[in-house]
Structure formats: C-alpha cells, structure tokens
Amino acid sequence: MAPTGVVSGKSLIVSFGEMLIDFVPTVSGVSLAEAPGFLKAPGGAPANVAIAVARLGGKASFVGKLGDDEFGHMLADILNQNGVSNDGILFDQGARTALAFVTLRADGEREFMFYRNPSADMLLKPDELNLDLIRSAKVFHYGSISLIVEPCRSAHLKAMEVAKQSGALLSYDPNLRLPLWPSADEAREQILSIWDKADIVKVSDVELEFLTGSDKIDDETAMKLWRPNFTLLLVTLGEKGSRYYTKNFRGAVDAFHVNTVDTTGAGDSFVGALLCKIVDDPTILENESKLREVLKFANACGAITTTKKGAIPALPTEADALALINGA
C-alpha cells in the first residue's frame with residue numbers, strides 16, 4: 001500500500017542505491033577525533049533525491065536494501081514520513097545499515113569516514129529487485145556507489161536495463177566518494193563504465209576534474225564527458241551556479257547567494273528539483289528558455305539546502321524555492 005503523502009496521478013521517479021546514517025559533529029570545523037559529539041542524520045544521495053522530489057510535490061519511490069536493525073527501520077520510516085513509496089525497500093538480516101561519520105569543515109565542505117564491511121545496501125541481489133516498480137518509472141535515477149561491489153553492482157545494472165527497456169529516462173549523478181573505492185583508478189573506470197547508458201548526467205566541478213583529469217572547469221573540459229545519446233549534461237559549480245549542455249544549446253545559470261552552513265544534500269536537492277519538473281514535461285529538455293527556468297529553480301533548491309545542517313531537514317518545498325527566486 002502506498003504510504004501517506006505519496007502523490008498519485010503524477011509520473012513516478014524511482015531512485016536506486018544507498019541510504020545510510022550520517023553522524024555529523026555537533027561543532028563545525030573540527031576533526032572527527034576532536035568532535036565533542038555527533039548528531040545522527042539520515043543520508044545517502046539516492047534517498048535524498050527521492051525525498052527532494054516528494055518534498056517538491058512529486059511522486060517518488062526508493063529502491064535499496066537496509067539492515068534489519070533499528071537504524072534500517074528508522075530510515076524506512078523517514079522515507080515513509082516524507083511521502084516516498086517504500087515498495088522497493090528490502091531488509092537484510094545478516095548485515096547492518098551503513099554508517100558514515102562526516103566532518104564539517106569550517107567552510108561547510110565535508111570529509112567522510114564510512115562503516116560498511118559489508119553493509120546491507122551492498123548485498124542487494126538482482127533477483128530481489130521489485131521489477132514491476134522499476135518498470136513503472138518515468139525517470140530512473142542512480143549513483144555510482146552501488147557499482148563498487150557485487151552483488152549490488154549486478155542489481156544496479158539489471159535495474160538500469162529494465163528501466164531503459166520500459167522507456168524510462170535514465171538519470172545519473174556519480175556522487176563520487178573516493179574513500180569507498182579500492183583506488184581512484186577503479187573509481188574512474190567503474191563510474192565511466194555505465195556513462196553512455198544515461199540520458200541525463202549531472203557532475204560537480206570536483207567530479208568533472210576527477211573524471212577528465214583536467215584542472216580546467218570550462219566547456220571544452222565538460223564536453224569530454226558528453227556522449228551522443230545524452231539529452232542533458234549538467235555541471236554544478238557550487239556558488240558559481242550550474243552549466244548545461246544539450247545537443248542543440250549550452251549555457252550557464254547563476255547561483256543564489258545564501259549563508260552556507262552545510263553543503264550536504266545540495267546536489268541531491270538540485271537533481272530532485274530538475275527531475276521533478278522534467279518527469280511531467282520532457283519538452284523542457286528541448287526548449288532552452290524552459291530549461292533555464294527549471295535550472296534556476298534547481299539552483300534555488302540547492303542553495304536553500306546549504307542553509308541548514310543535514311540534507312533531509314534542509315530540503316525545500318516549492319514555496320521555499322519560489323520565495324528565494326522572487327526575493328522574498
């Protein structure tokens with residue numbers, strides 16, 4: 001049964017991957033060892049995107065595996081409370097829900113230490129997937145953390161294949177977390193191994209540099225990541241806004257300047273906002289003025305998310321984003 005708050009009658013966005021608990025220091029600008037205490041915050045980029053969509057009035061579902069433990073059930077409840085369908089969630093009795101300790105530097109940027117050996121999300125098998133749910137997606141969104149180890153990697157590839165065959169738009173945000181990969185070379189190789197399968201790809205400036213090996217953030221560098229089958233390539237630039245590339249046009253949209261406290265979830269909020277608009281009007285991808293309006297909206301959502309600690313509590317409603325856009 002669909003949880004309370006799930007919007008019916010709208011096109012479905014399915015988000016695939018990991019959901020975990022972030023432990024965030026109670027004080028910014030200290031190392032993990034120096035932190036006097038930690039607050040637990042739900043996290044995991046694909047789950048953040050699903051909640052971002054639901055918060056904006058869209059219809060979202062999450063597919064992934066959690067530990068059959070208190071944290072796992074807490075995360076499933078958080079999805080439910082936020083209007084995200086949990087029809088794609090499984091619980092593993094043999095592995096724990098993943099944990100991450102996150103250092104908040106003085107500038108609001110983050111460093112990570114992960115506890116996953118293995119965590120439940122890594123153990124999702126292809127034959128456990130809710131294929132009917134995936135087939136019903138109009139947009140299927142994923143990251144790269146689910147590519148790191150088997151059996152989750154095979155489950156990820158199967159889910160992508162089924163979504164594509166069913167006519168979904170595939171949306172990919174690599175969400176690079178180097179400490180989770182055996183090496184930087186392996187991360188680059190595996191992230192790019194599914195690159196040409198996507199329709200929409202979003203990378204950050206840091207990911208652009210990592211994947212291309214270039215220290216320049218410009219159109220020429222971005223176009224190294226372009227593939228002929230792409231509909232849209234996006235590069236997010238933090239306080240410098242975002243750049244967009246399509247077959248027929250390219251450009252940049254300015255950021256909104258806010259008092260940044262914590263950048264956690266800003267990229268996920270941006271992606272959720274974009275997908276929420278595109279899923280019900282795919283012509284946005286072919287109309288530059290429409291796309292610029294949507295990216296302005298997505299930039300506003302990303303900016304608002306940086307003004308509070310933690311990702312999910314900071315994700316905006318449509319009214320929040322419009323208030324920032326309209327200068328309220």
Side-chain angles (χ1 to χ4, degrees), residues 5 7 9-15 45-60 82-84 138-139 141 169 171-173 175 199-205 222 230-246 248-308 311-328:
V7 180
K10 287 210 159 204
S11 297
L12 178 66
I13 295 167
V14 170
S15 204
N48 291 343
V49 169
I51 293 175
V53 167
R55 187 80 48 91
L56 292 167
K59 186 178 181 184
N82 282 280
V84 175
K138 190 91 174 278
V139 172
H141 176 75
L169 267 179
S171 163
Y172 184 20
D173 176 357
N175 196 44
D199 299 293
I200 298 168
V201 171
K202 173 252 162 192
V203 292
S204 68
D205 44 4
F230 281 7
T231 309
L232 177 63
L233 171 66
L234 294 158
V235 181
T236 53
L237 305 166
E239 62 190 21
K240 293 178 184 163
S242 53
R243 291 177 177 271
Y244 58 89
Y245 304 87
T246 75
N248 300 316
F249 49 81
R250 62 174 68 169
V253 179
D254 290 338
F256 291 88
H257 293 287
V258 293
N259 182 24
T260 295
V261 173
D262 175 9
T263 58
T264 307
D268 305 325
S269 181
F270 174 92
V271 170
L274 173 79
L275 297 181
C276 204
K277 296 295 184 187
I278 284 171
V279 73
D280 288 319
D281 184 5
T283 66
I284 288 164
L285 296 165
E286 293 147 27
N287 180 318
E288 188 169 12
S289 63
K290 274 189 186 179
L291 180 62
R292 289 184 65 84
E293 280 303 305
V294 167
L295 292 176
K296 188 176 177 183
F297 178 76
N299 282 354
C301 289
I304 291 166
T305 308
T306 70
T307 62
K308 291 185 199 167
I312 290 167
L315 294 168
T317 62
E318 180 137 4
D320 295 332
L322 294 176
L324 179 60
I325 291 166
N326 297 327

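Both backbone and side-chain heavy atoms feed into the values below; hydrogens, waters and symmetry mates do not.
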Side chains of [X] and [Y], heavy atoms from C-beta outward: is any pair under 4.5 Å?
{"X": "V235", "Y": "Y245", "value": "yes"}
{"X": "T246", "Y": "L291", "value": "yes"}
{"X": "I312", "Y": "N48", "value": "yes"}

Can you name the residues that form a side chain to side chain donor-acceptor pair (under 3.5 Å) with [X], not counting sequence neighbours?
{"X": "T306", "answer": "T260"}
{"X": "T283", "answer": "D281, K290"}
{"X": "E288", "answer": "Y244"}
{"X": "S204", "answer": "E207"}

Looking only at heavy atoms, what is the nearest atom pair of [X] and [Y], with distance?
{"X": "K308", "Y": "D262", "result": "O-CB, 3.7 Å"}
{"X": "G265", "Y": "A311", "result": "CA-CB, 3.8 Å"}
{"X": "V53", "Y": "G272", "result": "CG2-O, 3.7 Å"}
{"X": "P316", "Y": "S269", "result": "CD-OG, 3.5 Å"}
{"X": "L233", "Y": "A222", "result": "CD2-O, 3.4 Å"}
{"X": "A300", "Y": "I325", "result": "CB-CG1, 3.8 Å"}

Taking only residues two or more places apart in sequence or in another chain, which ones pass side-chain contact (heavy atoms from CB on, under 4.5 Å) with [X]?
{"X": "K138", "result": "S11, V279"}
{"X": "D199", "result": "K164, L169, L170, T231"}
{"X": "E318", "result": "L56, K277, F297, L322"}
{"X": "K240", "result": "L237"}

Could you give the distance from [atom1] ([X]) to [atom2] ([Y]), rounded to the nearest 0.5 Å?
{"X": "D280", "Y": "K59", "atom1": "CG", "atom2": "NZ", "value": "10.5 Å"}
{"X": "L315", "Y": "I51", "atom1": "CG", "atom2": "CD1", "value": "7.0 Å"}
{"X": "L275", "Y": "F270", "atom1": "CG", "atom2": "CZ", "value": "9.5 Å"}
{"X": "R292", "Y": "D254", "atom1": "CZ", "atom2": "CG", "value": "8.0 Å"}
{"X": "L295", "Y": "R243", "atom1": "CG", "atom2": "CZ", "value": "13.0 Å"}
{"X": "I284", "Y": "L274", "atom1": "CD1", "atom2": "CG", "value": "8.0 Å"}

Query raised in the report: Are the side chain of R55 and the backbone N or O of A314 linked by a donor-acceptor pair below 3.5 Å?
Result: no

Requested in this report: Keeping the roles fixed (side chain from T305, backbone from C301), state whether a donor-acceptor pair exists under 3.5 Å.
Outcome: yes

Query raised in the report: Does a donor on one side chain and an acceptor on the other come within less than 3.5 Å for S171 and D173?
Result: no

Query raised in the report: For Y172, which residues count as a ring-ring contact (aromatic ring centres under 6.0 Å, His included) partner, sequence neighbours excluded?
Result: Y142, W195

Requested in this report: Among residues two or more places apart or on two chains, list those pairs meeting side chain to side chain donor-acceptor pair (under 3.5 Å) that have a residue in residues 294-304.
Outcome: S242-N299

